[in-house]
Each structure stands twice: as structure tokens, then as C-alpha cells.
Enquirer: 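Okay, here's the structure, questions in a sec.
Every value quoted in this text rests on a predicted model; they were computed, and no experiment measured them. Order of listing sets the numbers, starting from 1, for every ligand and every atom in it.
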Amino acid sequence: MKTKEIIKNAREFSKPFRVTKGKNFRLKDVDPEDTLDFTKEDKPKSKEALARGITALTELQDKLYAQDKWALLLIFQAMDAAGKDGAIKHVMSGINPQGCQVFSFKSPSSEDLDHDYLWRCMKCLPNRGHIGIFNRSYYEEVLVVRVHPEFMAKQKLPSKLAGKQIWEHRFEDIRNFERYLTRNGVIVRKFFLHVSKKEQKRRFLERIEDPLKNWKFSSNDAAERDFWDDYMKVYEEMIQETATEKAPWYVVPADNKWFTRVVVAAAVIDALASLDLAYPEVDQSKLKELAAAKKKLLS
Ligand code: ATP
Ligand code: MG
């Protein structure tokens, strides 16, 4: 299959999951088990599609890097065990590590808390020509911080600024920040991996029962399940408030990892393919330089 065709398929495949206008978005309209027309029997086919996608992605990243103008920022948000790490690992497996940076944002350090909340993320923005991945991000500021007000208390904000209007202000600032990035050539794509509560339980039990997966489990993960409905509410509002044409959310069904990964890969291909990526043109003086170098090497 030609790259052009893969790009066309990627656009169509990822489109149903893209949210560019949040106003009417409802989380209940996305089924975490959704696999479009594909059944479990299609799993091997999906692996082939992913492999083809990764080849196309490699080609696109090579141009992105060589051209050195655009940057791509991919943001991953999800409940625990939704498959963020696996999606990042698989989709980025063909990518040249030199042109890719991954950052995980966990509980903020005291140095982080001594600054505005975007500070620690701004320091990690991708260079031009690079793909930057945020495994969690400043979006935690309208998620976990909303569900657990005690985190807000640690932020040392002047009380005048920490009133009820704070969420509206944060949404506005995030929208503006992403518009700023877009206007500077940093393309933003955001992924919410939407796993069901039932599938999360199954994955937690697997992590507890399989000694090789024990390290992935923390008892805090199980405790957070008690806040499931609160999280769904804040996730929904986050998407409603921050999905834009230029910085869309992809709400990706995450109960079937093989499907999630193909959707994420397709969305990343679509993002890169929407740019005018091209290898830099070599000017006359550079051509002369190359010819002279060749002559010298061969003499
Ligand atoms: P894993 O899949 O390995 O569990 P993870 O991304 O959940 O990966 P953890 O170390 O388990 O990583 O958790 C990071 C925790 O940090 C999450 O519970 C997240 O909500 C929390 N966190 C991230 N940013 C903030 C923030 N700004 N304020 C408070 N907590 C935050
Ligand atoms: Mg965790």
C-alpha cells in the first residue's frame, strides 16, 4: 500500500473519534468497547495495519526532522490502566529516538508548586522538527486537582484567585496556550483513552495476579476507582471546554488495546500529513560544495 493511500485511510479511520467542537460532546456517546466494523477476529489484520501505519509514520517523521520547522505535541490523558504507556510504546516504535521526547507528569514537586502550573510543561515542549509526548500533562490541573481539592490547597495560589471561577479561567488559559503553540508551529493533538470501569478492574486484577505485572499496580490506583464518576464528569467537561479545530481531542475507545493503538497511530499520521513536510531544498552553493567534496573524496 502506498503512503498516500495509508494517509487517506488514516484520516478516515481516526475521524469518528476526533472532537473539534466540545459544546455537544457527551462521554456516554463513546463506547469504550467500540471497534467500528472490526471484530476480535480482525486483530491480526489490525496488527498489519499498525505495522503499515508505523512505516508511514517513520517516513513522515524523517521529513519533519529534516525540515526542522514544525513540532508535534501529543498529549495522553486517561484513567489508570487505560493503556497510555502501551499506546506510546507501540505507536512510536518505528520513530527515530533522536527526534522524539517523552515526558511523564506525576504529582508536582515542591519546585513545580513554587511556579504557575504550566511552567513544568513549558520546559518540556518539543524542539522544532521533533515529536514531543506528554504522558499526562497540564490537563491534570482540571482533572485530579478538581476531583481532589486538597491538591489545590498545596498550590499556594492567592485565595482571591482560587475561587469558583478558577476552572473557567484554566480552560480559557489552556485554550489560549494551545492556540499560541499552534501559531508558533507546534501542532497539538490530545488523546483521551476511554477505558470502561469494568475493563479497568480486569486489568488491575491481572496486574495483581501476574508477578511480572505486579510492579505496575499501586494501591492508590484502586482507591481512585471510588472517584470514577467524578473523574468522568471532569473529563467530559475538559473535552467540552478545550476541544478546538486546531487542537482537537481524540476520544479513543480503550477496552481493546489493539484497536486503541491503530486509532492513535492513524491520528498521528493524519496530523503529520496535514503539514507541508518536505526535505529541505539544496541551493546552488550547497550543490557546488557537494560536487567539490565528491571530487576530493574520489581523487
Ligand atoms: P501508570 O500507568 O504507571 O500508573 P501514571 O501516569 O498513572 O502511570 P503514576 O505515577 O501512577 O503514573 O501517577 C501519577 C499521578 O500523578 C496520577 O495519579 C496523576 O493524577 C498525578 N498527577 C499528575 N499531575 C498532577 C498534578 N498537577 N497535581 C496532582 N497530581 C497530579
Ligand atoms: Mg498510575
Side-chain angles (χ1 to χ4, degrees), residues 32 73-92 101-125 132-157 161-162 166-167 169-171 173-174 177-178 190-197 199-239 242 252 254-255 257 260-261 264:
L73 174 64
L74 306 173
I75 294 180
F76 288 85
Q77 288 291 156
M79 296 297 282
D80 279 306
K84 279 185 283 115
D85 293 10
I88 294 168
K89 185 166 113 182
H90 281 84
V91 173
M92 297 299 147
Q101 299 141 301
V102 186
F103 295 95
S104 297
F105 294 96
K106 307 199 180 245
S107 260
S109 68
S110 53
E111 193 189 13
D112 296 334
L113 290 170
D114 221 15
H115 293 85
D116 61 281
Y117 68 85
L118 284 178
W119 179 77
R120 66 172 179 161
C121 296
M122 284 198 195
K123 289 192 296 180
C124 302
L125 288 171
I133 296 172
F134 284 1
N135 185 346
R136 301 191 188 273
S137 65
Y138 46 84
Y139 278 105
E140 291 292 325
E141 295 292 333
V142 292
L143 295 167
V144 69
V145 180
R146 243 183 136 179
V147 172
H148 296 288
E150 63 273 21
F151 286 124
M152 181 57 97
K154 287 189 194 155
Q155 294 197 353
K156 301 203 279 182
L157 267 178
L161 303 177
I166 191 163
W167 310 117
H169 288 171
R170 286 192 169 183
F171 288 136
D173 292 337
I174 288 173
F177 176 57
E178 291 177 352
K190 306 170 297 199
F191 299 90
F192 170 51
L193 307 191
H194 186 27
V195 73
S196 69
K197 196 173 180 190
E199 176 62 15
Q200 190 201 48
K201 180 175 168 180
R202 200 193 62 75
R203 290 183 191 175
F204 278 171
L205 288 172
E206 198 178 84
R207 289 177 179 191
I208 292 168
E209 277 151 23
D210 180 351
L212 295 180
K213 290 188 176 172
N214 283 171
W215 64 274
K216 286 192 187 178
F217 186 78
S218 111
S219 51
N220 188 49
D221 293 352
E224 283 306 278
R225 270 174 74 76
D226 293 343
F227 298 93
W228 187 274
D229 292 346
D230 297 336
Y231 272 110
M232 291 305 113
K233 241 169 94 184
V234 293
Y235 265 114
E236 182 175 80
E237 204 177 326
M238 170 194 81
I239 292 160
T242 61
V252 188
D255 276 11
K257 289 179 183 171
T260 312
R261 290 166 189 170
V264 173

Enquirer: For Arg120, take its heavy atoms, then give the atoms of ligand 1 lying under 4.0 Å from any of them.
Expert: 24 (N), 25 (C), 26 (C), 27 (N)
Enquirer: So, do Tyr235 and His194 have ring centers that fall under 6.0 Å from each other?
Expert: no
Enquirer: Please state which protein non-hydrogen atom is closest to atom 13 (O) of ligand 1 and give its distance, to 0.1 Å?
Expert: Arg136 NE, 4.3 Å
Enquirer: To which protein heavy atom is atom 30 (N) of ligand 1 closest, and what is the distance rounded to 0.1 Å?
Expert: Val144 CG1, 3.5 Å
Enquirer: Identify the closest protein heavy atom to atom 21 (C) of ligand 1: which residue and atom is it, and at what distance?
Expert: Ser107 N, 3.9 Å
Enquirer: Could you tell me the residue and atom name of the protein heavy atom closest to atom 9 (P) of ligand 1, and the distance to it rounded to 0.1 Å?
Expert: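 Answer for atom 9 (P) of ligand 1: Lys106 NZ, 3.7 Å.
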Enquirer: Phe177 pairs by ring-ring contact (aromatic ring centres under 6.0 Å, His included) with which of Tyr139, Phe171, Tyr138?
Expert: Tyr138
Enquirer: Do Lys213 and Trp215 form a cation-pi contact, if we require the NZ or CZ to be under 6.0 Å from the six-membered ring centre and within 45 degrees of the ring's axis?
Expert: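 Because its charged atom misses either the 6.0 Å distance or the 45° angle limit, Lys213 does not stack over Trp215.
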Enquirer: Regarding Arg203 and Glu199, does a basic nitrogen lie under 4.0 Å from an acidic carboxylate oxygen?
Expert: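 Answer for the salt bridge query: yes.
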Enquirer: I need the nearest protein heavy-atom contact for atom 1 (P) of ligand 1: residue, atom name and distance, please.
Expert: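 Atom 1 (P) of ligand 1 sits closest to the protein heavy atom Asp80 OD1, 4.3 Å.
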Enquirer: Check Asp80 and report its N/O/S atom nearest to the Mg ion (ligand 2), by atom name.
Expert: OD1
Enquirer: Among all the protein's non-hydrogen atoms, which is closest to atom 20 (O) of ligand 1, and how far away is it?
Expert: Glu140 OE1, 2.9 Å
Enquirer: Could you walk me through whether Lys190 and Met238 pass side chain to side chain contact (heavy atoms under 4.5 Å, CB included), step by step?
Expert: CA-CA 11 Å; Lys190 306 170 297 199; Met238 170 194 81; over 6 Å; no
Enquirer: Is the shortest heavy-atom distance from the side chain of Leu74 to the side chain of Met92 under 4.5 Å?
Expert: yes
Enquirer: Would Gln77 count as a contact residue for ligand 1, given that I'm defining contact as a non-hydrogen atom of the residue lying under 4.0 Å from a ligand atom?
Expert: no
Enquirer: Please examine the side chains of Glu141 and Gln155, heavy atoms only from C-beta on, and report whether any two atoms are closer than 4.5 Å.
Expert: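 Of all side-chain heavy-atom pairs linking Glu141 with Gln155, at least one is under 4.5 Å.
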Enquirer: Mind telling me whether Phe103 and Phe134 have parallel, tilted or perpendicular rings, with 30° and 60° as the class edges?
Expert: perpendicular
Enquirer: Of all the non-hydrogen atoms in the protein, which one sits nearest to atom 28 (N) of ligand 1, and at what distance?
Expert: Pro108 CD, 3.3 Å
Enquirer: Dump the intermediate steps for side chain to side chain contact (heavy atoms under 4.5 Å, CB included) on Met152 and Arg146, then the final yes or no.
Expert: CA-CA 8 Å; Met152 181 57 97; Arg146 243 183 136 179; over 6 Å; no
Enquirer: List ligand 1 atoms under 4.0 Å from Glu141, heavy atoms only on the residue side.
Expert: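 Near Glu141, the atoms of ligand 1 are 27 (N).
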Enquirer: Considering only non-hydrogen protein atoms, determine which one is nearest to atom 2 (O) of ligand 1 and report residue, atom name and distance to 0.1 Å.
Expert: Asp85 OD2, 4.2 Å
Enquirer: Would you call the rings of Phe76 and Phe191 parallel, tilted or perpendicular if under 30° counts as parallel and over 60° as perpendicular?
Expert: parallel
Enquirer: Only heavy atoms of Val145, strictly under 4.0 Å: list the atoms of ligand 1 that pass.
Expert: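 Numbered from 1, ligand 1 contributes 28 (N).
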Enquirer: Please check if a non-hydrogen protein atom sits closer than 4.0 Å to atom 18 (O) of ligand 1.
Expert: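 There is no protein heavy atom less than 4.0 Å from atom 18 (O) of ligand 1.
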Enquirer: Within the structure, is a non-hydrogen atom of Lys84 found at a distance of less than 4.0 Å from ligand 1?
Expert: yes
